[in-house]
2 protein chains.
Amino acid sequence: MEVEKKKVSAGCPVEAALNVIGGKWKGIALYHLLVDGTLRFNELKRRVGNVTQRMLTKQLRELEEDGIINRHVYAEVPPKVEYSLTEKGETLRPILIGLREWGMANAFPEFLEKNSTASNDK
Amino acid sequence: MEVEKKKVSAGCPVEAALNVIGGKWKGIALYHLLVDGTLRFNELKRRVGNVTQRMLTKQLRELEEDGIINRHVYAEVPPKVEYSLTEKGETLRPILIGLREWGMANAFPEFLEKNSTASNDK
DNA sequence: CCGTATCCCTGGAGATACTG
DNA sequence: CAGTATCTCCAGGGATACGG
């Protein structure tokens, strides 16, 4: 299958950066990778939580495209694929930490009020 | 009209933070507000660039909902509405600066390669 | 000037089943 | 185990026109 390049035009650097880490599951995935270092697909999937294989795969592929993560495939059976941050991905660490800090300090309490009933169960 | 609360379930703080600033036009809008301080609607619209009134309005309303920006309406004719960051919004400054720095250093060159022909014209 | 109302349409995203 | 392949659904987002 052909790998289509995403043609997202970013008008400014902030937008460009958000295009890289702003995907629906990219934030959490990246965060777990920067905490745990290296993770197999299913380990990552388990940590991210409520995500389908298809979605997680897509997001990881995009991150790989952008040079943020490494995808190491072992020629074994059963298959084994490990994901880890690249050097470029490591440069995101302060930003991701910053986002996490801010989220804990500001967004989380507020969002908990809004979702009185619904947890993120499915 | 009733203002619907967004019921986005964030599983972690990083996600929660991205839910706040990850909207399509929020990054640029916030960045211009933190640079210019206070802007009228059309000034902001002009700076953001290729955005419709409807979209910009929606994004600004969400930011207002989240307590990130202030919306000051002057009871004049012709109407005049000014937007500015709240105290809470100011706490995003280091993150936005970080995103901008990272975008300039990493994402922008790469994205320019991908769009060899297409600029962000319409 | 600063929005809202309406219409429409693309693609993001989930469920499910299948394969190397 | 780690993915693709299909199908489907609906919300995000754009164009346009109208209103206070």
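Each chain gets a letter, A, B and so on, in the order the sequences are listed, and its residues count up from 1.
- Computed from coordinates, the A/K26 NZ to C/dG12 C1' distance equals 12 Å when rounded to whole Å.
- As rounded to whole Å, 14 Å separates atom P of C/dA5 from atom CE of B/M55.
- A residue-by-residue look at A/T52 and B/E82 shows that B/E82 has its nearest nucleotide of DNA chain C further toward the 5' end.
- One interatomic measurement links the two molecules: CG of A/N50 to C1' of C/dA13, which rounds to 12 Å at whole-angstrom precision.
- A heavy-atom distance below 4.5 Å is found between the side chains of B/I21 and B/L99.
- Side-chain nitrogen and oxygen atoms of B/W25 include at least one within less than 4.0 Å of the OP1 or OP2 phosphate oxygen of D/dG14.
- Within residues 38-47 of chain B, the residues that place at least one heavy atom under 4.0 Å from DNA chain C are, in residue-number order, B/R40, B/F41, B/N42.
- B/P78 comes within 4.0 angstrom of the backbone, heavy atoms only, and of no base.
- Between the P atom of D/dG12 and the CD atom of B/Q59 lies a distance of 10 Å, rounded to the nearest Å.
- Taking only side-chain nitrogens and oxygens, B/R54 never comes nearer than 4.0 Å to OP1 or OP2 of C/dT6.
- Following rounding to the nearest Å, B/E62 (CD) and D/dA11 (C1') show an atom-to-atom distance of 12 Å.
- Atom-to-atom, CD of A/E64 to P of D/dA2 comes out at 15 Å; the value is rounded to the nearest Å.
- Listed by first and then second residue, the ring-ring contact (aromatic ring centres under 6.0 Å, His included) pairs involving residues 64-97 of chain A are A/H72-A/Y74 (not counting sequence neighbours).
- The nearest heavy atom of DNA chain D to B/K24 and to A/Y83 marks one nucleotide each, and the one closer to the 5' end goes with A/Y83.
- Distance, A/R61 CZ to D/dT4 C1': 9 Å, rounded to whole Å.
- What you find for B/L34 and B/L96 is that their closest heavy atoms are CD2-CD1, 3.3 Å.
- Of all non-hydrogen atoms in B/K88 and B/D66, the two that sit nearest each other are NZ-O, 3.1 Å.
- The ring-ring contact (aromatic ring centres under 6.0 Å, His included) pairs that include a residue from residues 28-62 of chain B number zero, where partners must be two or more places apart or lie in different chains.
- By the 4.5 Å heavy-atom criterion applied to side chains, A/R61 and A/R71 are counted as neighbours.
- Taking atom CD1 of residue A/I69 and atom P of nucleotide D/dA2, one finds them 14 Å apart after rounding to whole Å.
- Two residues are said to be in side-chain contact when any heavy atoms from C-beta on lie closer than 4.5 Å; A/N70 and A/L85 fail this criterion.
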